[in-house]
Each structure stands twice: as C-alpha cells, then as structure tokens.
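Step one of this worksheet: look at the structure below.
Please read all numbers here as calculations on a predicted model, not as lab measurements. Note that the numbering runs from 1 along the sequence shown for the chain. As the structure lists them, so they are numbered: ligands from 1, and atoms in each ligand from 1.
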Amino acid sequence: MHAATHSRDLYTVEQVRTLDRRAIDELGITAFELMSRAAATALTCLCQRWPQARRIVVFCGPGNNGGDGYLLASFAQGAGMGVEVVELSEALHGDANGARATWQRSEGLSHRWHQDASLPKADVYVDALYGTGLNRAPDPSGAALIERINASGIPVLALDVPSGLNADTGNCPGAAIQAQCTVSFIAAKRGLYTGQAPTRVGGLQIDKLGLPDLLWQGMQADACLLESMHLPARARDAHKGDNGHVLAIGGDHGTAGAIRLCGEAALRCGAGLVSVATRGENLFALNSARPELMAHAVHGPQELQSLLERASVLAVGPGLGQGAWGHALWLTALDSGKPLVLDADGLNLLAHEPHRFAAPAVLTPHPGEAARLLATTTPDVQRDRFAAARELARRYGAVIVLKGSGSLIANPDGRIDVCTWGNPGMASGGMGDLLTGVIAALLAQGCTAWDAARMGVGLHARAGDMAARGGERGLLASDLLAPLRALGNGLGHD
Ligand SMILES: NC(=O)C1=CN([C@@H]2O[C@H](COP(=O)(O)OP(=O)(O)OC[C@H]3O[C@@H](n4cnc5c(N)ncnc54)[C@H](O)[C@@H]3O)[C@@H](O)[C@H]2O)[C@@H](O)CC1
Ligand SMILES: [K+]
C-alpha cells in the first residue's frame, strides 16, 4: 500500500484533475496504472477494515470510478475472494473499458443492474458507481441502486467518493451512498469534509497513489483542515486589564438566556472583563446566576455609549431581536468602529442594512442567515458552501464562520479552514450564543479576527465533542463551558 498523506491541505476536483494530468503528462504514468494503484490500495483498505470478508460485490458505474471497481474486483478474485460485479450501464468510456476487459478476462461474474432483481449478498459492498465526474444528481436507475445499497444493511467501502456526493462542494444533489469507509485517491478533495459529506463518507483514508511531492509544486491548496489551537499560557504578572473587555449586547424580552450564555463563554475563554448590555428585566437573573458578569440595563443608544467606550471587543446579536430596541443598539455598536463578533439578529439586521467592516469583524451565520446576507436561498448556500463563505467574506470585509456540519472559516483574502470536529448533539439551542462569546474573548485577548475565528470554532467544536461523551442527545450548551475552559488552557485531549 502507498503511504497515506497526513497533510491538512484540501483541493478542488479541478486541482485533482490537474495533478492527475501532470502525473500522466510529466511523469509518464498511464491513467490505467493510476487506476490499478487506486484499486490495489482500496482492496488493501478493505481487507484491513474487514479481515473476515470472503465475498464482496462491486458496483461499477460508467466512468473511471467504475474502472477502479473492475480492477479491484479482478485483484480481489485473484486473491481468492468470492466476487460479483453489478454494472450500472453497458456503455463505458476510455480506461474504464480496459478495466472491464481485465475483469472479463478473469471470467468474473457480472450482472446488469435492473430494478426488479435483488442485490447479491456479500460481506462488503464496494461502491464504484460515480466519483469526481458526477456533475448532477444520479440518473433514476443509479439513484434506485444507491437507495437499495443503502437499505441493504451491508457495509460499504466507497472508492474515491461516496457515489452521489459532489466531491467539490459536499453537497448531494440527489441519492448518495452512505459509506462506512471511503478511500480517496491522489489528494483530499475539499467536498469530503463539509455539508452532507460527514454523514456519507464514514472513515476516510487519503492515498496519494505513490505520486511524488514534486507533482504538487506550485499548486496552492484551496482550503485547509483546521488544526487545534489554544492561547499561550498567561504571564505570571497578568492583570485583568491585559485580557480585554468584552461587551455582549442583546437579550431582548424573553431571551436573557442567549446573552448569558454568550457572556459566560467569554468569561470561560479568558476575557479579562465581560459586561452585558441588556434589558433591565434581565439584571436580576444575570447577576444571581453569574455574578462575574457585569450586567447593565440599557434602554437605548445613550446608555450604551458609555459602555462602548470601556469595551475593547463587542459581541452583538444573541437575543437582540430586530425591533426598535435591538436595531438602535445594533446601529450604535456598528458605528463605534470597535472590533466585534456579529451573530443571530445582529446578522439579520445586517442583511437589511449592509455594512462593510473596517475594524476586525467576525460574522457567524448558519446557512439560513448566510442566505439572507447573500439575498439567496439556504439550499443555494448549501450547494456550494465554499463559494458562499468566500463571497460573504469578500462582500462584508469580515471573517466568516459558516456554521453547520463541517463549519467553514473564510477570510476576505480567500483562505478557508474547515472544521471537522463537532457532533449532532450540538444542534441545540444556545450553541451559537456560546460561539459568539468564545470568539469575542479570543479577539479581546489579542488574536486577529482570522485566528480568533479559527481558534474559537475549534475550541467550541472540540468542547462539544468532549461534553458529548456523556451522550449526544440531551447535550446542553452550558455543558460546554467547563470543557471550553480546559481546552482553552491546552488541557484537553488532541
Ligand atoms: N486518472 C484519473 O483521473 C484517475 C481517476 N480515478 C477515478 O476516476 C474517477 C473519475 O472518473 P470520471 O471522470 O470518468 O467520472 P466518474 O467515474 O466519476 O463518473 C462519471 C461518469 O458518469 C457519468 N455521469 C456523471 N454524472 C452522472 C449522473 N448524475 N448520472 C449518471 N451518469 C453520470 C459521466 O458521464 C461519466 O461517464 C475518480 O473519482 C476516481 O475514482 C482513479 O482511477 C485514479 C486515477
Ligand atoms: K464511488
């Protein structure tokens, strides 16, 4: 087996095609040879993952992904396994034809897929239907086969990409294979890490197919996997004034919890001081629950002004509402020119009144908020999360955290980091309020907007994973506060 890469670099499908062409044109490695290497490494992975497997069925599509499948079938049969191939179509292109001929020469058993036939039984299914060439939702016949494979309960190894998943964007335009394991070839495609990918890909292995590093020369990765980060240890003579003063603005009628979570997260992530500007009715609850928060009743811009002057960073949005009170505070906060984090209604207000940020700013939209900010639809954002995040960063002059499975952090200069931590337990109320407070605290301690957003997203997601050891269902946002403190001090497990 060829050495797997451990690089954090992620590439577009177009870039992987370029690498592939370079291997063929500059190194003289034939496409058929690459296909053979892909098949061999995938078979090794299959045998390692399922050492008891004796019978496999390989589902082969019309393109080179199918070609990988035919060669894997030949190698597996040669190794003494029971192998059947189920073919999606008669017409094959290019090297896939050669691969099928290899399989046919070995007198392997093949069936054409039709919807009335039952699928052959096996220990493991190999998905070689579509790879990076998928450019639309699978055709009805392919879609039906994908649904049947998913419903079979038999574990699936996907070759290169779970069929039906767009390897460039992480979006599934229609049916898509749910794999236990995916072996992806040549380089890590960015779409394997975000959107719908995490629920489709399963365990992921990247294999460079033995291609030398020089092939990557001059090619800049399109995105990067987020690495774990934390602040350096505090100086022994640190003063609370050295660690910034976060002012959290929000908590309209009935939403005191949102601003409290935001403020507490800022405290737990090391902000020196945290003030809260909120409705007067929230003061008692905030003071009694968390006396370290300095809660102030604010009726309008005048009272906010003096708090703004003392603050070094603003967290604007949790429970802010979009009424006259929220709007007036929002406008005053933005006019102050202070570094800020904007979330929730802070973003909804921004969608109505666009503003370009001159001071460091981090916006943390979920896909619905991102759609409003871009004046488009949520499915449109999810169709290409990379493009949406980049466009938001460019348009607003801010660092963007596009939340959701595989959160993206986008810088106005085009850089994107992808966070692969986090879990479905975190799809619950208050998690976004925490994230706003975490990022604000990091900004207040001197991080750039880009570093605060990346470190904040990583801490938040890993804290979620740590807290979810007690079970994902029923996970509360406040369960993350203790892990946030531990991880922020570099005490968590990497
Ligand atoms: N030389 C290379 O480029 C290598 C490619 N490899 C494999 O080749 C794959 C890419 O191969 P291809 O570009 O041939 O494409 P794919 O094999 O990914 O499949 C696309 C094929 O299906 C058709 N198709 C696309 N969308 C469809 C849809 N929605 N419904 C029905 N049919 C659809 C296309 O016309 C094409 O024939 C990679 O994912 C990888 O598995 C590997 O063999 C390694 C080397
Ligand atoms: K596939």
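For the atom pair OG of Ser184 and CD1 of Ile206, the computed distance is 4.5 Å after rounding to the nearest 0.5 Å. In this structure, CG on Leu342 lies 9.5 Å from CG on Asn348, to the nearest 0.5 angstrom. One distance of note links OG1 of Thr364 with NE2 of His460; it measures 9.5 Å at 0.5 Å rounding.
For the 3.5 Å distance criterion, the side chains of Gln104 and Tyr70 fail to qualify, holding no donor opposite an acceptor. Judged by distance alone, the side chains of Asp465 and Asn423 do bring a donor and an acceptor atom under 3.5 Å apart. No side-chain donor-acceptor contact under 3.5 Å links Lys189 and Thr132. No hydrogens or angles considered: nothing links the side chains of Thr12 and Asp222 as a donor-acceptor pair under 3.5 Å.
No heavy atom of Gly61 sits closer than 4.0 Å to any atom of ligand 1. Residue contact annotation: Leu134 has a non-hydrogen atom under 4.0 Å from ligand 1. No heavy atom of Gly67 sits closer than 4.0 Å to any atom of ligand 1. Look at Gly142 and you'll find every heavy atom at least 4.0 Å from all atoms of ligand 1.
The protein does not reach atom 34 (C) of ligand 1 closely, with no heavy atom under 4.0 angstrom from it.
For the pair Lys403/Leu435, a side-chain contact is recorded, criterion being any heavy-atom separation below 4.5 Å from C-beta on. Proximity of Asp20 to Phe185: side-chain heavy atoms (C-beta onward) are nowhere separated by under 4.5 Å.
The heavy atom nearest to atom 38 (C) of ligand 1, considering only Asp95, Asn166, Asp160, is found in Asp160. Counting heavy atoms only, Asn64 comes closest to atom 14 (O) of ligand 1 of the residues Leu19, Asp207, Asn64, Leu209. Between Val183, Thr41, Asn135, it is Asn135 that holds the heavy atom closest to atom 26 (N) of ligand 1.
For ligand 1, the atoms lying closer than 4.0 Å to a non-hydrogen atom of Met35 are 43 (O).
For Ser163 atom OG and Asn65 atom OD1, the angle they make at the K ion (ligand 2) is roughly 100°, to 10 degrees.
With respect to atom 17 (O) of ligand 1, the closest heavy atom belonging to the protein is Asn65 N, 2.8 Å. Among all non-hydrogen protein atoms, the one lying nearest atom 4 (C) of ligand 1 is Asp20 OD1, 3.7 Å. Taking atom 16 (P) of ligand 1 as the reference point, the nearest protein heavy-atom neighbour is Gly131 N, 3.6 Å. Among protein heavy atoms, atom 10 (C) of ligand 1 sits closest to Thr132 OG1, 3.4 Å. At the top of the distance list for atom 22 (O) of ligand 1, counting protein heavy atoms only, stands Pro62 CG, 3.4 Å. The protein non-hydrogen atom at the shortest distance from atom 13 (O) of ligand 1 is Gly133 CA, 3.9 Å. Nearest to atom 6 (N) of ligand 1 among the protein's heavy atoms is Asp68 OD2, 3.8 Å. Nearest non-hydrogen protein atom to atom 32 (N) of ligand 1 is Tyr130 CE2, 3.5 Å.
Contacts of Asp139 with ligand 1, taken as heavy-atom pairs under 4.0 Å, involve both backbone and side chain. Residue-level proximity to ligand 1 for Ala137 is carried by the backbone, the only part with a heavy atom below 4.0 angstrom.
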### Task
Quick one: do Asp213 and Lys208 satisfy side-chain contact (heavy atoms from CB on, under 4.5 Å)? Show the steps, please.
CA-CA 9 Å; Asp213 290 345; Lys208 286 171 73 174; 2.3 Å; yes

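At a cut-off of 3.4 Å, Leu129 is not counted among the residues with an N, O or S atom near the K ion (ligand 2). For the K ion (ligand 2), the N/O/S atoms of Asp127 include one lying under 3.4 Å. Under 3.4 Å from the K ion (ligand 2) lies an N/O/S atom of Val161, whether from backbone or side chain.
Judged by distance alone, with hydrogens and angles left aside, the side-chain atoms of Tyr396 form no donor-acceptor pair with the main-chain N or O of Leu363 at under 3.5 Å.
Atom CD of Gln115 is surrounded by more than 12 heavy atoms from other residues, nucleotides or ligands within 6.0 Å. The local environment of CZ in Arg485 is sparse, with at most 12 non-hydrogen atoms from other residues, nucleotides or ligands closer than 6.0 Å. No more than 12 heavy atoms of other residues, nucleotides or ligands sit less than 6.0 Å from atom CD of Glu90. The number of heavy atoms from other shown groups lying within 6.0 Å of CZ (Arg473) does not exceed 12.
Between Ala31 and ligand 1, no N or O atom pair is found at a separation short of 3.5 Å. Of the N or O atoms in Val161, none lie within a sub-3.5 Å distance of an N or O in ligand 1. The shortest N or O to N or O distance between Gly66 and ligand 1 is not below 3.5 Å.
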